[in-house]
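One structure, pasted below without further comment.
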Amino acid sequence: MRTDTAPTISRHDYRPYPYRLPEVALQFDLDAAQTRVRSRLVFERVGDENQPLVLNGQDLDLESLALDGQALNASQYQLQDEMLTVFPKTARFTLEITSLCRPAQNSSLMGLYVSGDKLFTQCEAEGFRRITWFPDRPDVMSRYQVTLRADKERYPLLLSNGNRLQAGDLPDGRHQAVWEDPHPKPCYLFALVAGDFACREQTLRTRSGRDALLQIYSDRGSENKTQWALDCLVRSVQWDEQRFGLELDLDRFMVVAARDFNMGAMENKGLNVFNSAYVLADKDSATDPAYRAIEAVIGHEYFHNWTGNRVTCRDWFQLSLKEGLTVFRDQEFSADMLAQDLSGAEAASARAVKRIDDVSTLRIAQFPEDAGPMAHPIRPESYQEIGNFYTATVYEKGAEVIRMQHTILGEAGFRAGMDEYFRRHDGAAVTCDDFVSAMESVYVQQNPGKNLDVFRRWYSQAGTPRVKVELAYDAARKTCAVTLSQHCEPVGIEKLQSPALPKPPLHIPFALGLLDQQGRPLAIEHGGRALDTVLLELVDERQTWEFPNIPEKPVPSLLRDFSAPVIVEFERQDAELTLLAQHDPDPYARWEAVQELATRQLLALVRAFTDGGEPVVHPGLADTWRGLLRDPGLSAAYKTRILSQPTEKELLEKTSPMNPAAVVQAGRHLRGQLGQALAPLWLETYHACADDAEQYRPDPLSSGRRSLRNLCLHYLMAAAHPEAQALAAAQYYGAGNMTDRMGGLSALVHFSAGAPSQEALNHFYEQWQQDPLVIDKWFALQAGAPGTTVETVRALMLHPAFSLRNPNRARSLIFQFCMNNLQGVHTPQGYEFWAEQVMALDELNPEIAARLARAFDNWARFAAPNRDAMHDALQRIQRHPALSRNVAEIISKALK
Ligand code: 0A1
Ligand code: ZN
């Protein structure tokens, strides 16, 4: 815990490390209370002059230090501010360090820590310094040999990166294992795991004919829930070979599930450590979205083996180099898995489902971040605590920036750029700029005389750009002129600069289609070809394109497939949106048109509830909804997306000043009205979507039907349909899988207060109390329910199953309430509760506390009473005498 103000680290201050460290030997005497680490480090000076050697260390006891075999006394080194400095006199030397760390006391879950009766490590970003003194930075890459020693009964399995060279017994009931990782790596990719585990494994022949062993380790008793994760791993290996030509470079690839984990998972070389939520699944305990999330995270960590591990980041400002690229790759993997065995429009619609989900995530999590006090470019310019920059901007907007390069270059061009990237940089620690340069080498071939200079600005500019569209149809000439203009408001700290710094234009790929007044696609002549969709490359502030031979005034379909992370401004009537909702052949843009119609309706309701007007629902909306629900050409998964209302959070972002109570009311009102207007159809669809529950498979088709069935139930409940409650109870009690069970329970808890809902909750707890991941769902459902108040949450915190120390549990109750229950949290007591929890968590786990601390980043945009109460709560946290650097950075930025 620190009380002093942390220094700000700037991207431009990067200096190469003055030493190479080719070989690292580590020996661990593992014990939960106190672990002794001996390291042997062979350093080679980079330049000609002697330089001090600075190592990082945190919460360590230094037992001994020797330089080339000579013990150093305290006057021969400096130990200060979590840095150990020695003063070598030769170009090559060996440093031997013995230090102690205390895993059982480490509640931060960074470095070496205890989870249950097992030991795990988490080193990204700066956790290795909690294990031993070391140059804890990603540009120092070394080969590791690791010896693990521990009590054999307590820790029968000893794992680290690479290949196991040797294993054997030691005196006193101890044993050891020696591991060697043949690939040089930065220390953030180091891992060790010790304990008793079950293992599911399979060998897989890679495309060059090598046999690799794939293993999934989990708590004993959970081994029946790891088949899906192993299948996903096999598919990930095969997909990376097929789509990117990238082969697994290890003989053994291990995934280990941990109960206590700060994030989703970690890509340590050959030894991925996972939050158990992204490993364990069976039909009785995991929902369809949980299955898909496991696929995405297994893929993500596996794909890091090339994009992150083989080619890594030079410094932490380059985080998006590996994260944006790897998120893009996992998104494409998931989309390809959904579209497997499909072709044409069906495949496009299946992929669009994934695209819609990803865009929704971006809009809910990243757009507000990009407009708030934490706004930063995907390659940040400065930070106090790097842990605070594992953000939606670096990850999700980062992935959009990679996707735009894919869109601009095309699939084959992008692949050529990736090949060039690996040809240039395999085995190195590089920058985002190096990545763009590899892509640019292809772009210049495709577009002689042009370059990606303007595109590079995406890496240095924060804020969501707005693209305004103007359309001019000339009936006499039969031409249509489309003008795009862009601008991006100052955000975050830019707002404090006066005069405002100019924000130059970005390179924005803008996909556009045109429909005639009957909704039929019009061919667009562009670049010598006639196309259904054209890609306009906007690189200036304002550009116009003119298209010939357009027979009538067209209806534009804009930003198809969400071709750039921007906000589109285009004035049009509801009638045009309705036409697109019925006919747009681009499934993404069609969904967007429906969202826009629903948003307009919801904003009208928000205004009515704010001003005391009549809450009128336009009958046309229900007609559009009805048409979509009946459309035999649409898949169930797609219908679920297109017939879901925009979330409360998305809507809140569009109100000014923000009015959470009116947003909640508007959402509820519209749901009820649509529920009533289409009641017979919801009921019919509900029954039509029923499957044989015993035949459960998490495949796209049947999971699509389950999601649509749950949506129907939801609308029927919202409409208080006379059959709804009985249907929900029957679905809950009679469910053959967790997706149906949660659908029934969630309908009861959200819409029927009192006995039926409480009885079902009690029944659920009784049934599932032994399964922590299911009990997380139980807490989360209650935390997000409409009637839940601070008192409800406080009572749940007293439940014996609750613990603040387990991040999944804290997230399921406290985060879920503070970040997603708009009705419950936006009260003076809600804000007070939030401040209390941030401070309590900060004492245990600053990384997790800092995430909760961001719940009210947007406080200044609320109406006065809420705004003032949030401000008080922020100040209360700021006054806390011992804030971590993580939370202090977030709160000070929020209050600037
Ligand atoms: N690199 C991981 C994310 C990660 C970051 C930090 C962690 O500990 C605090 C853990 C995981 C990924 O992108 O999957
Ligand atoms: Zn990642």
Side-chain angles (χ1 to χ4, degrees), residues 58 106-113 115 120-131 136 138 185-191 193 229 232-233 236 240 255-279 293-313 316 318-334 361 365 378 383 385-399 402 432 807-808 810-811 841 844-852 884-887:
Q58 199 179 331
N106 178 6
S107 59
S108 73
L109 312 186
M110 293 292 291
L112 180 61
Y113 68 92
S115 172
F120 292 91
T121 54
Q122 172 55 41
C123 295
E124 186 179 7
E126 296 181 335
F128 196 77
R129 62 186 62 186
R130 292 169 169 273
I131 295 176
D136 191 358
K185 64 168 174 288
C187 66
Y188 83 85
L189 292 173
F190 166 83
V193 170
C232 291
L233 184 56
S236 304
D240 219 8
V255 166
V256 188
R259 277 263 287 129
D260 300 276
F261 198 77
N262 280 350
M263 308 271 276
M266 179 63 212
E267 70 263 24
N268 317 299
K269 186 81 188 183
L271 179 55
N272 289 185
V273 176
F274 269 60
N275 184 329
S276 54
Y278 297 104
V279 178
I294 291 170
E295 181 178 77
V297 180
I298 290 267
H300 181 94
E301 305 311 325
Y302 177 74
F303 304 142
H304 266 315
N305 191 50
W306 278 91
T307 51
N309 300 3
R310 289 287 289 241
V311 183
T312 195
C313 301
W316 290 122
Q318 317 298 330
L319 184 57
S320 203
L321 171 81
K322 72 179 179 83
E323 296 305 348
L325 178 54
T326 306
V327 171
F328 168 74
R329 276 154 49 71
D330 84 52
Q331 290 175 347
E332 286 295 289
F333 168 61
S334 295
T361 305
I378 62 167
Y383 59 77
E385 169 52 59
I386 184 58
N388 287 336
F389 284 81
Y390 286 76
T391 57
T393 298
V394 167
Y395 275 66
E396 270 75 33
K397 186 176 180 182
I402 301 292
C432 296
N808 286 358
R811 280 188 278 257
L841 266 170
L844 296 171
N845 188 329
E847 300 247 346
I848 298 291
R851 288 190 177 263
L852 184 62
S884 67
R885 191 163 67 196
N886 308 59
V887 171

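We're numbering straight along the sequence, starting at 1. Not measured: the values here are computed from a predicted model. Basis for what follows: all heavy atoms, side chains included, without hydrogens, waters or symmetry-related copies. Both ligands and their constituent atoms are indexed starting at 1 by order of listing.
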Ignoring hydrogens and angles, tell me if any N or O in the side chain of Asn388 forms a donor-acceptor pair with the backbone of Asn886 under 3.5 Å. yes
Only counting residues at least two apart or in another chain, list the ones meeting side-chain hydrogen bond (donor to acceptor under 3.5 Å, both in side chains) with Asn272. none
Are any N, O or S atoms from Glu323 nearer to the Zn ion (ligand 2) than 2.8 Å? yes
Sub-4.0 Å heavy-atom environment of ligand 1, residues by chain: Met110, Gln122, Glu124, Met263, Ala265, Met266, Glu267, His300, Glu301, His304, Lys322, Glu323, Tyr390, Tyr395, Glu847
For the atom pair CZ (Arg130) and OH (Tyr113), what is the distance rounded to the nearest 0.5 Å? 12.0 Å
Which residue in the set Arg329, Glu323, Glu267, Lys322 passes side-chain hydrogen bond (donor to acceptor under 3.5 Å, both in side chains) when paired with Thr307? Arg329
Is the Phe303 ring parallel, tilted or perpendicular to the Phe333 ring (thresholds 30°, 60°)? perpendicular
CG/Asp330 to CD1/Ile298 distance, rounded to the nearest 0.5 angstrom? 12.0 Å
